[in-house]
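To start, the structure under review is shown below, and the notes come after it.
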Amino acid sequence: MLRIFKNFRKQEVVLALFSVVFVVAQVWLELKLPDYMREITSLITTQDSAMHDILIAGGKMLLCAFGSLLVTVLVAVCASRIASNFSAIVRGKLFDKVQSFSMEEIGRFSTASLITRSTNDVTQVQMLIVMGLSIMLRAPIMAVMAILKIVDKSWQWTLSTGVAVVVLLIVVIICVSLCMPKFKRLQSLTDDINQVTRENLTGLNVVRAYNAEAYQEEKFEKVNKDLTDTHWFTSKTMAFMMPTIMMIMNGLSLAIYWIGAVLINDAQDMQEKFTLFSDMVVFSSYAMQVVMSFMMLVMIFIMLPRASVAAKRILEVLDTEPSIEDGTRDTFPVMKDGEVEFKDVSFKYPDAEEYVLEHISFSAKKGETIAFIGATGCGKSTAINLIPRFYDATEGEVFVDGVNVKEYTQEALHNKIGYVSQKAILFSGTIADNVAYGENGKAPATQDDIAMAVKVAQASEFVEKKDQGYDGYVAQGGSNFSGGQKQRLSIARAIARQPEILIFDDSFSALDYKTDRILREALRKECKDATKIIVAQRIGTIRDADKIIVLDDGQIAGMGTHDELMKNCEVYQEIAYSQLSKEELA
Ligand SMILES: Nc1ncnc2c1ncn2[C@@H]1O[C@H](COP(=O)(O)OP(=O)(O)OP(=O)(O)O)[C@@H](O)[C@H]1O
């Protein structure tokens with residue numbers, strides 16, 4: 001837990017030191033109040049005292065109260081500043097860390113949990129810092145100073161205060177130990193609720209179309225109930241604790257006044273009675289401060305378990321080293337520009353038993369088009385994801401320009417690649433923002449580059465029809481575009497990078513046959529120097545490729561041109577005949 005506070009910078013440490021000074025001042029001023037109260041009480045009970053003296057003591061008391069108010073505000077300001085700076089730093093670090101993660105780490109933590117850790121968990125620690133600086137510092141200082149002030153007044157009063165504190169601690173320890181395990185569960189239950197809500201929102205259309213609202217509600221109800229029950233349990237316990245503490249405080253007041261009454265009754269002369277009376281008023285005031293301090297500490301103990309679980313979860317993310325280690329090489333051999341080679345590559349997903357790819361070897365020369373085809377789930381996407389290092393090969397090696405991809409810095413490697421994912425992804429902004437997205441180590445794409453890429457991707461027609469053309473608005477996830485339009489804009493984004501290697505992961509599936517053909521022709525013409533690696537389901541999309549790799553259950557079942565495979569690859573023939581007639585294939 002404490003390790004998370006290493007994220008404080010010098011500025012926050014200085015502010016924390018100021019807070020300590022302010023808290024000491026605050027406590028000192030607050031403890032001065034009973035002293036003035038005693039002075040006023042004794043002035044009132046002294047026969048020849050003047051009104052003027054009472055007013056002076058009262059004025060000083062007021063000044064102390066205002067001073068205490070001022071430093072309390074200052075402590076709160078410092079604490080809030082420290083806590084919000086801390087949150088900003090930690091959130092930033094978490095964001096950077098998550099960005100460096102490979103799909104393996106993201107899968108391990110889960111997206112929902114990473115979101116909770118970056119938001120809710122950070123807020124828990126932030127709240128602890130605010131409360132900690134305002135209360136945790138104040139309470140022990142206040143308790144010690146107040147105890148020192150009362151300890152020598154009367155052993156009966158001190159004993160009753162001691163008993164009250166012990167009873168208070170017993171109540172608190174029982175409540176906190178009952179709640180502790182529940183607090184720990186709260187954070188993981190927040191993950192669950194986040195997960196179900198996300199799933200429901202992203203799949204809302206499907207939920208509606210399948211009348212699955214009741215099923216989704218049931219799923220949500222379950223996690224919601226778990227979370228509510230846990231909150232309910234902790235709230236019930238706390239609901240019992242607070243009135244109990246109030247009862248202890250009131251009981252203590254009663255005890256002090258009762259003991260006081262007996263002591264005053266036993267006193268011999270009037271002066272002694274007055275002194276005892278003023279001591280009693282002052283003592284009860286200090287005693288309340290002592291009990292209040294312990295009560296405040298309790299509040300910290302309530303927050304501590306949850307915040308410490310949150311801090312642990314944040315540190316888990318920050319301590320995780322990405323499984324994809326960055327290489328050091330940022331230059332490429334000129335002679336082999338755009339070459340891709342797989343040498344006996346096998347791959348299995350982390351924690352999976354079975355290999356998804358086995359002994360894959362092939363090479364692609366500059367400007368060539370290499371296509372992957374095969375049944376769904378045979379490992380096509382997995383194979384091409386090894387080129388930009390979304391995962392690393394379990395066995396064997398993947399080369400780009402004759403150098404193992406692991407040797408390059410990821411930035412250099414990605415500068416070389418234009419990747420179009422299976423599911424078209426657009427970001428909120430304008431069309432131009434989406435096409436000119438990211439950096440590629442060269443000058444930013446110009447308006448002409450964007451227009452050219454959009455033209456090659458066969459997207460000019462619908463882009464230019466938009467009122468604002470290239471400045472047309474793209475909603476989050478590209479929800480204001482059709483599936484085919486999204487795919488074309490994603491393709492334009494890859495082309496605008498002018499990469500040496502273009503990777504299309506089933507990126508033509510939402511296009512009609514005509515657009516698919518025209519787009520491929522335009523690609524061949526305009527990106528003739530780029531090595532194109534295409535995953536496709538349709539024979540029509542890949543029949544002109546220089547090399548077609550037929551995958552069957554993670555293994556190469558055939559490799560060659562369309563004509564060669566039609567002669568000697570049974571798996572390919574089956575796919576071909578399932579899609580096209582003999583005449584079309586002739
Ligand atoms: N992140 C993952 N973790 C574990 N297994 C995975 C993961 N992604 C894919 N797989 C498994 O790996 C196998 C190959 O998946 P892959 O996506 O490469 O197939 P594909 O040939 O591209 O399929 P499709 O044509 O349907 O896109 C599948 O059996 C799939 O279940």
Side-chain angles (χ1 to χ4, degrees), residues 98 100-114 195 198-199 202-203 206 320 322-324 340 342 344-362 364 369-396 398 405 417 419-425 483-484 486-487 490-491 494 501-511 516 532-543 545 547-559 565 569 571-572 574-576 578-579:
V98 172
S100 75
F101 281 169
S102 74
M103 302 317 284
E104 181 184 341
E105 288 81 50
I106 297 200
R108 178 143 46 89
F109 283 110
S110 91
T111 315
S113 181
L114 284 173
Q195 168 98 39
R198 247 175 77 87
E199 193 181 64
T202 41
V206 179
T320 300
S323 55
I324 304 278
V340 175
F342 276 48
D344 201 22
V345 169
S346 297
F347 177 81
K348 64 176 173 189
Y349 279 100
D351 303 328
E353 299 269 300
E354 305 255 311
Y355 276 88
V356 175
L357 296 173
E358 285 179 84
H359 308 294
I360 307 290
S361 296
F362 74 91
T369 301
I370 304 291
F372 282 90
I373 196 159
T376 54
C378 68
K380 304 180 294 291
S381 303
T382 308
I384 58 162
N385 283 345
L386 301 181
I387 305 170
R389 290 191 77 198
F390 295 152
Y391 290 97
D392 273 338
T394 315
E395 284 156 32
V398 178
V405 284
I417 296 173
Y419 171 81
V420 187
S421 55
Q422 192 165 23
K423 185 170 171 258
I425 300 203
K486 275 195 274 190
Q487 267 199 341
S490 317
I491 294 169
I501 300 165
L502 271 165
I503 299 175
F504 299 102
D505 186 357
D506 208 358
S507 318
F508 305 113
S509 58
L511 306 181
D516 182 355
K532 292 165 270 304
I533 300 190
I534 301 176
V535 167
Q537 303 282 0
R538 300 203 290 242
I539 290 279
T541 309
I542 57 154
R543 71 187 285 172
K547 199 183 283 174
I548 300 168
I549 297 164
V550 186
L551 279 187
D552 187 24
D553 209 8
Q555 295 180 2
I556 296 186
M559 181 161 27
L565 290 168
C569 180
V571 181
Y572 188 75
E574 269 175 34
I575 301 171
S578 69
Q579 294 183 9

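Note that the coordinates shown come from a computational prediction; the quantities given were computed from them, not determined experimentally. One-based numbering, in listed order, for ligands and for the atoms of each.
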Item to complete: Please name the residue in the list T382, V571, I360, I373 that meets the side chain to side chain contact (heavy atoms under 4.5 Å, CB included) test with L551.
Response: I360

Discussion item. Can you name the atoms of ligand 1, numbered from 1 with element, that are less than 4.0 Å from a heavy atom of G379?
Written reply: 14 (C), 18 (O), 19 (O), 20 (P), 21 (O)

Discussion item. Can you classify the ring geometry of F508 versus F504 as parallel (below 30°), tilted (30 to 60°) or perpendicular (above 60°)?
Written reply: tilted

Worksheet item: Tell me, which protein residue and heavy-atom name are nearest atom 10 (N) of ligand 1, and how many Å apart are they?
Response: Y349 CE1, 3.3 Å

Worksheet item: More than 12 heavy atoms of other residues, nucleotides or ligands under 6.0 Å from CG of D553: is that the case?
Response: no

Item to complete: Please lay out, stage by stage, how H359 and Q555 fare under the test side-chain contact (heavy atoms from CB on, under 4.5 Å).
Response: CA-CA 7 Å; H359 308 294; Q555 295 180 2; 5.8 Å; no

Fill in: Reported CG-to-CZ distance for the pair L565 and R543, which is rounded to 0.5 angstrom
12.5 Å

Worksheet item: Which residue owns the protein heavy atom closest to atom 1 (N) of ligand 1, what's the atom, and how far is it?
Response: Y391 OH, 3.5 Å

Worksheet item: Among protein heavy atoms, which lies nearest atom 23 (O) of ligand 1, and at what distance?
Response: G377 N, 2.9 Å

Practice prompt. Show which atoms of ligand 1 fall inside a sub-4.0 Å distance from at least one heavy-atom site of V356.
Written response: 12 (O), 13 (C), 14 (C)

Worksheet item: Mind checking whether G107 has a heavy atom under 4.0 Å from ligand 1?
Response: no

Worksheet item: For atom 17 (O) of ligand 1, what is the nearest protein heavy atom, given as residue, atom name and distance?
Response: S381 CB, 3.7 Å

Item to complete: Check the pair K380 / Q422 against side-chain contact (heavy atoms from CB on, under 4.5 Å), numbers first and verdict last.
Response: CA-CA 11 Å; K380 304 180 294 291; Q422 192 165 23; over 6 Å; no

Worksheet item: With sequence neighbours excluded, what pairs up with E574 under the side-chain contact (heavy atoms from CB on, under 4.5 Å) test?
Response: E570

Worksheet item: Please state which protein non-hydrogen atom is closest to atom 27 (O) of ligand 1 and give its distance, to 0.1 Å?
Response: Q422 NE2, 2.8 Å

Discussion item. I'd like to check atom 31 (O) of ligand 1 in this structure: does the protein have a heavy atom lying under 4.0 Å from it?
Written reply: no

Practice prompt. List every atom of ligand 1 that sits less than 4.0 Å from any heavy atom of T382, numbering the atoms from 1 in the order shown and giving each element.
Written response: 14 (C), 15 (O), 16 (P), 18 (O)

Item to complete: Check whether any side-chain heavy atom of Y391 sits under 4.5 Å from a side-chain heavy atom of P350, and report yes or no.
Response: yes

Fill in: For ligand 1, the portion of M103 having any non-hydrogen atom under 4.0 Å away
neither

